[in-house]
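Here is the structure we will look at.
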Amino acid sequence: MNITVAGEKKNYEEGITVEKLIEAESVETPQYVTVSINEKFVQRTDFSARQLAEGDEVEFLYFMGGGE
């Protein structure tokens, strides 16, 4: 199945979950990543159950704090 991850088209097995995709993509600091699929945020509690589908567009987002 073809999905787009961070703007790059990739091929993954059918039924891959967000949790498994994070592992497969070797996401740094996965405990801090926010995931959007087709521009909709996925709750962290749903990562292990949310399966991806053909044509999905996935983005990994990191929110940084700091400043003055």
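Heads up: numbering here begins at 1 and tracks the sequence. Only this structure's heavy atoms are used, side chains among them; waters, hydrogens and symmetry mates stay out.
Of all the heavy atoms in N2 and E54, the pair that sits closest is N-OE1, 3.0 Å.
The neighbour count for E23 CD, taken as heavy atoms of other residues, nucleotides or ligands under 6.0 Å away, is above 12.
Distance CD/E19 to CZ/R44: 10.5 Å, rounded to 0.5 Å.
With contacts defined as side-chain heavy-atom distances shorter than 4.5 Å, the pair L21/F47 does not qualify.
Among residue pairs with one or both ends in residues 5-17, those qualifying as side chain to side chain donor-acceptor pair (under 3.5 Å) are K10-E25, Y12-E25; sequence neighbours excluded.
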I'd like a table of donor-acceptor pairs (distance under 3.5 Å, sequence neighbours excluded) in which one partner is a side-chain atom from residues 26-42, with atom names and distances.
{"from": "N38", "atom 1": "OD1", "to": "E57", "atom 2": "N", "distance (Å)": "2.8"}
{"from": "N38", "atom 1": "ND2", "to": "D56", "atom 2": "OD1", "distance (Å)": "2.9"}

